[in-house]
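Notes follow once the structure below has been shown.
Quick note: residue numbers are just sequence positions, from 1.
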Amino acid sequence: MKLIRLFLDWLKSFAYECQRLFYFSLKMLASTVGRPIYVAETFEQMYLIGIGSLFLIVLTGLSAGQGMALQFSNELADFGSKNYLGRIMVLAIVRELGPVLTALMVAARVAAGITAEIGAMKSSNQIDALIAFGIDPVRKLAAPRLIALVIMVPVLTIICDVIAITGGWIIALFISHITSITYWTAVKERLIFGNIFMGITKPILYAFIIGFVSCYKGFTAEGGTKGVGRATTESVVIASITILVANFIFTKVIFSALKGYL
């Protein structure tokens, strides 16, 4: 009975947190339209998210692309189909790994920073000071970060895709002995509307997830510096798990909607 009671309490708490997150997300969306528009803050966040994450994304894309190309080429060689390496790289990177890896890297780096920054402002009463001056803290702090994420995560995903496919080309050329013409022709064949659409829309969804979760955890952090640290950890964990779950659901929906274009 005690375990059942504990489970029901956890379930009730989980439902309550989901409800609070949902209403906070609606408030964030509403804050992105109308005035005032904090342009300087938005460009600052775009720089911090985009340029700040660039090295991490390039390193991730290069490592993932080369690792996948090496494994795929070894498997395809058993069937005499190494010429299809470029096609498989596009399907794996553009559809799936590029968006997911980019989102997870951004969540690990940016979500933690957003939650810690907003949580520290709350614990030091800076958010209360904004309210006292008649400034909406959600519009001032959350909206620029959400807009920056929606713009920069797809850009970083494209960079990751290009680097990963280029890393695969290096493996194909120097290790698998596939000519550049063969590899890039196969890549071009699979860069069709359905694959590109899936590779661009997924990062936008993940950007909203990262923005909603990180800002919500920052604004609801309690318990001083210890609470901020706990909220930061929860922000990264929740955002990463939600991205993985949403990836499966979104992929299923896209496959159903774009059957003739994939």
Residues which pass ring pair (Phe, Tyr, Trp, His ring centres under 6.0 Å) with F174, listed by chain and number, not counting sequence neighbours
none
Apply side-chain hydrogen bond (donor to acceptor under 3.5 Å, both in side chains) to S53 and list each qualifying residue two or more places apart in sequence or on a separate chain.
R109
By side-chain hydrogen bond (donor to acceptor under 3.5 Å, both in side chains), which residues pair with E41, not counting sequence neighbours?
K140
Less than 3.5 Å apart, which donor and acceptor atoms pair up between the side chains of residues 158-171 and the rest of the protein, not counting sequence neighbours?
from: T166; atom 1: OG1; to: V162; atom 2: O; distance (Å): 2.7
from: W169; atom 1: NE1; to: S180; atom 2: OG; distance (Å): 2.9

Taking side-chain hydrogen bond (donor to acceptor under 3.5 Å, both in side chains) as the test, write out the residues that go with T232, two or more places apart.
none
Side-chain donor-acceptor pair present, T251, K202, cut-off under 3.5 Å
yes
Side chains of T179 and Y183 in contact at under 4.5 Å (non-hydrogen atoms)
no
Taking only residues at least two apart or on different chains, which pairs with a member in residues 206-229 satisfy ring-ring contact (aromatic ring centres under 6.0 Å, His included)?
F24-Y216, F24-F219, F208-F212
Determine whether L70 and Q66 make a side-chain contact, defined as any pair of heavy atoms from C-beta on separated by less than 4.5 Å.
no
With sequence neighbours left out, what residues match F197 under ring pair (Phe, Tyr, Trp, His ring centres under 6.0 Å)?
F193
Starting from V236 and following side-chain heavy-atom contacts under 4.5 Å between hydrophobic residues (I, L, V, M, F, W, Y), which residues can be reached?
none
Decide whether V90 and L62 are clustered together by the hydrophobic rule: side chain heavy atoms of Ile, Leu, Val, Met, Phe, Trp, Tyr closer than 4.5 Å, transitively.
no
Beyond-backbone contact of I114 with K217, side-chain heavy atoms, under 4.5 angstrom:
no
Keeping to residues at least two apart or across chains, list the ring-ring contact (aromatic ring centres under 6.0 Å, His included) pairs with something in residues 42-75.
none
Going by the rule side-chain hydrogen bond (donor to acceptor under 3.5 Å, both in side chains), which residues pair with S176 if we only count those two or more places apart in sequence or in a different chain?
S73
If the test is side-chain contact (heavy atoms from CB on, under 4.5 Å), which one of L54, L149, I151 qualifies with I49?
L149
Taking only residues two or more places apart in sequence, or in another chain, which ones meet S124 in a side-chain contact (heavy atoms from CB on, under 4.5 Å)?
Q126
Short question: side chain of N195, backbone of R190 - any donor-acceptor pair under 3.5 Å?
yes
Polar side-chain atom of T182 near backbone of I178 as donor-acceptor pair, under 3.5 Å:
no
In the hydrophobic clustering (ILVMFWY, side-chain contacts below 4.5 Å, transitive), which residues join Y16, or is it alone?
none
